[in-house]
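These values consider heavy atoms only, across backbone and side chains, with no hydrogens, waters or symmetry-generated copies.
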Amino acid sequence: MPPVINPQNIYSENGANMFNPVVKDDLPRIYVPNLRSNDVTVIDPASLKVVDRFKVGYSPQHIVPSWDLRTLWVANNAEGRKDGSLTPIDPRTGKPGKALPVDDPYNLYFSPDGKSAIVVAEAMHRLDFRDPQTMKLQYAIDVPQCKGINHADFSIDGKYALFTCEFEGSIAKIDLVNRSVVGYLKLTMPSTRFKAVPTSTGPINPADTEICSSKKGMPQDIRSSPDGKRFYVADMEADGVHIIDGDAFTKIGFIATGVAAHGIYPSRDGKQFYVSNRGSHQIHGKPRGKGSVTVIDFASEKIVAQWPIPGGGSPDMGNVSANGKELWLSGRFDDEVYRFDTSNGQVTKIAVGKEPHGLTVWPQPGRYSLGHTGNLR
């Protein structure tokens with residue numbers, strides 16, 4: 001694994017415009033996988049115009065930068081079918097290549113040493129470790145008690161990973177050295193959560209809560225604190241982020257954020273993180289929900305800003321621009337993409353395909369990619 005440069009900030013090497021030289025000729029683009037129209041929309045972030053659109057495999061879920069930053073992989077998991085695939089995109093041209101058949105690639109990560117691509121075979125409750133270039137299977141780890149395994153992040157030393165189990169309300173800890181499941185952690189639910197009432201004005205009011213009737217969480221994205229000592233887990237049912245001690249594998253706190261907390265993205269300076277609140281507790285929510293973004297200070301774990309979406313919306317997955325001035329998120333139930341100005345939360349909307357999901361911003365700063373929509377270090 002590449003050495004940790006700053007143990008107090010694992011994000012120190014993906015600060016604003018700190019590009020790896022290998023991405024110098026890559027096109028600045030936003031790549032958006034559209035789950036229901038089985039295609040990718042390409043946006044020029046400078047003009048805010050759609051500049052390309054191409055077909056990929058069935059049910060594209062996320063667009064994932066490879067460990068070596070030379071390929072963007074479209075994870076087509078073929079929901080309910082058996083013809084999953086990974087479509088490569090050349091970031092220098094923005095054009096797709098020939099898809100490789102792969103079992104159920106809901107999401108895609110890479111081992112910290114770059115020796116394996118980790119295909120998250122969600123429906124199979126399995127992690128498939130594959131050659132990062134050819135995607136030939138190396139070995140697999142069964143995670144039988146992790147129904148809906150989907151998102152992950154890695155310990156500061158690269159020895160273990162935490163994966164969220166969406167339909168179990170838990171987290172799985174994977175020993176990457178011994179290639180085994182360490183155990184599972186059930187996430188406790190808060191006593192109250194936010195009312196998912198559509199609104200077009202104002203931020204979420206803390207008084208606008210109800211008794212949390214859900215007995216089981218629905219954890220989604222997970223990201224490490226800058227010092228690697230804590231992990232933050234966005235939970236759609238709990239309406240906030242659980243705080244986890246990764247080494248001890250225990251829950252140590254919770255931050256309420258908004259309706260259906262979903263994605264987590266650190267700021268380029270590693271001082272804050274953005275939580276996308278999808279606006280509906282339903283897996284298939286309605287348009288114009290109570291979507292928002294919550295900005296949290298890493299050091300204090302206090303909320304510093306709350307950005308509603310004018311007219312409502314459904315912010316899902318995405319990432320921060322290379323200069324840190326913009327946050328790009330897919331609008332899952334609204335067939336649009338949101339660009340947030342990170343200085344004030346102002347929102348710009350761009351129409352895309354049907355049910356956009358895990359978009360990626362490219363290029364991004366950093367030495368190497370651990371996967372998802374751009375977890376770079």
Side-chain angles (χ1 to χ4, degrees), residues 14 16-17 19 23-56 60-65 72 74 89-96 200-201 262-263 265-268 274-279 287-289 291-293 295 305-365 372-374 376:
N14 54 303
N17 298 319
F19 294 115
V23 306
K24 66 181 179 65
D25 295 323
D26 291 358
L27 295 171
R29 294 289 185 265
I30 311 298
Y31 296 92
V32 187
N34 301 301
L35 181 64
R36 299 302 171 203
S37 49
N38 302 316
D39 57 15
V40 170
T41 300
V42 185
I43 300 170
D44 178 348
S47 67
L48 304 182
K49 301 293 185 182
V50 173
V51 295
D52 198 4
R53 188 168 179 171
F54 49 81
K55 286 290 184 179
V56 288
Q61 300 281 3
H62 301 91
I63 296 184
V64 180
L72 303 177
V74 186
I89 298 174
D90 183 342
R92 285 151 290 200
T93 65
K95 299 299 183 181
S200 59
T201 59
H262 197 81
Y265 310 97
S267 61
R268 287 290 165 212
Y274 308 103
V275 180
S276 61
N277 306 301
R278 204 161 76 175
R288 308 305 169 204
S292 66
V293 168
V295 187
Q306 191 85 26
W307 300 332
I309 297 179
S314 50
D316 194 288
M317 291 289 174
N319 219 313
V320 180
S321 63
N323 60 13
K325 295 181 179 181
E326 300 168 352
L327 171 65
W328 288 81
L329 297 170
S330 59
R332 184 74 176 267
F333 309 133
D334 296 271
D335 298 343
E336 59 193 12
V337 160
Y338 311 118
R339 184 195 66 167
F340 289 83
D341 183 326
T342 56
S343 68
N344 56 21
Q346 183 176 344
V347 182
T348 302
K349 300 180 180 182
I350 303 170
V352 291
K354 295 181 179 179
E355 200 169 329
H357 193 191
L359 72 79
T360 197
V361 178
W362 199 255
Q364 290 183 40
H372 192 36
T373 57
L376 273 68

Of S276, S330, P315, which is the lone residue that meets side-chain contact (heavy atoms from CB on, under 4.5 Å) with Y338?
P315

Backbone of G374 reached by a side-chain donor or acceptor of N319 within 3.5 Å
yes

Just so I know, are the side chains of D335 and P356 near enough to count as touching, which here means a heavy-atom distance under 4.5 Å?
yes

K55, NZ atom: more than 12 neighbouring heavy atoms under 6.0 Å
yes

What distance do I43 atom CD1 and Y31 atom OH have between them, rounded to the nearest 0.5 Å?
11.5 Å

Just verifying a value: how many Å separate K349 NZ and L48 CG, rounded to the nearest 0.5 Å?
14.5 Å

Exam field: side chain R268 to backbone N17, donor-acceptor pair closer than 3.5 Å
no

Would you check if P310 and V347 make a side-chain contact, meaning some heavy-atom pair closer than 4.5 Å?
yes

Do I89 and W362 come close enough that some side-chain heavy atom pair is under 4.5 Å?
no

Are the side chains of P365 and F19 in touch, meaning some heavy atoms are under 4.5 Å apart?
yes

Quick one, T342 and Y274 - any side-chain contact, counting heavy atoms below 4.5 Å?
yes

After noting the C-alpha distance and the side-chain angles of R92 and D25, does the key distance pass the salt bridge (charged side-chain N to carboxylate O under 4.0 Å, His left out) rule?
CA-CA 6 Å; R92 285 151 290 200; D25 295 323; over 6 Å; no

Qualifying residues under salt bridge (charged side-chain N to carboxylate O under 4.0 Å, His left out), relative to K95, sequence neighbours excluded
D52

Side-chain contact test, heavy atoms from C-beta onward, threshold under 4.5 Å: evaluate it for P33 versus L359 and give yes or no.
yes

Taking all atoms of both residues into account, what is the closest heavy-atom pair of Y265 and V320, and its distance?
CB-CG2, 4.1 Å

Ignoring hydrogens and geometry, is there a side-chain-to-backbone donor-acceptor pair from D334 to R288 under 3.5 Å?
yes

With a 4.5 Å cut-off on side-chain heavy atoms, are R332 and L35 touching?
yes

Can you find a pair of side-chain heavy atoms, one from M317 and one from Q61, that are under 4.5 Å apart?
no

Of all the heavy-atom pairs spanning P60 and N34, show the shortest one and how long it is.
CG-O, 3.3 Å

Closest heavy-atom pair, F54 versus G94, reported as atoms and distance to 0.1 Å, is CE2-O, 3.6 Å

Can you tell me how far apart CG (N277) and OG (S314) are? Round to the nearest 0.5 Å.
12.0 Å

Would you call R278 and D316 a salt bridge, taking side-chain N to carboxylate O under 4.0 Å as the test?
yes

Is there a donor-acceptor contact under 3.5 Å from the side chain of T360 to the main chain of T373?
yes

For residues Q364 and L376, report the shortest heavy-atom separation together with the two atoms involved.
O-CD2, 3.8 Å

With rounding to the nearest 0.5 angstrom, report the OG to CG distance, S321 to L327.
8.5 Å

Any sub-3.5 Å donor-acceptor pair from S37's side-chain atoms to K354's backbone N or O?
yes

Would you call the rings of H262 and H357 parallel, tilted or perpendicular, where under 30° means parallel and over 60° means perpendicular?
tilted

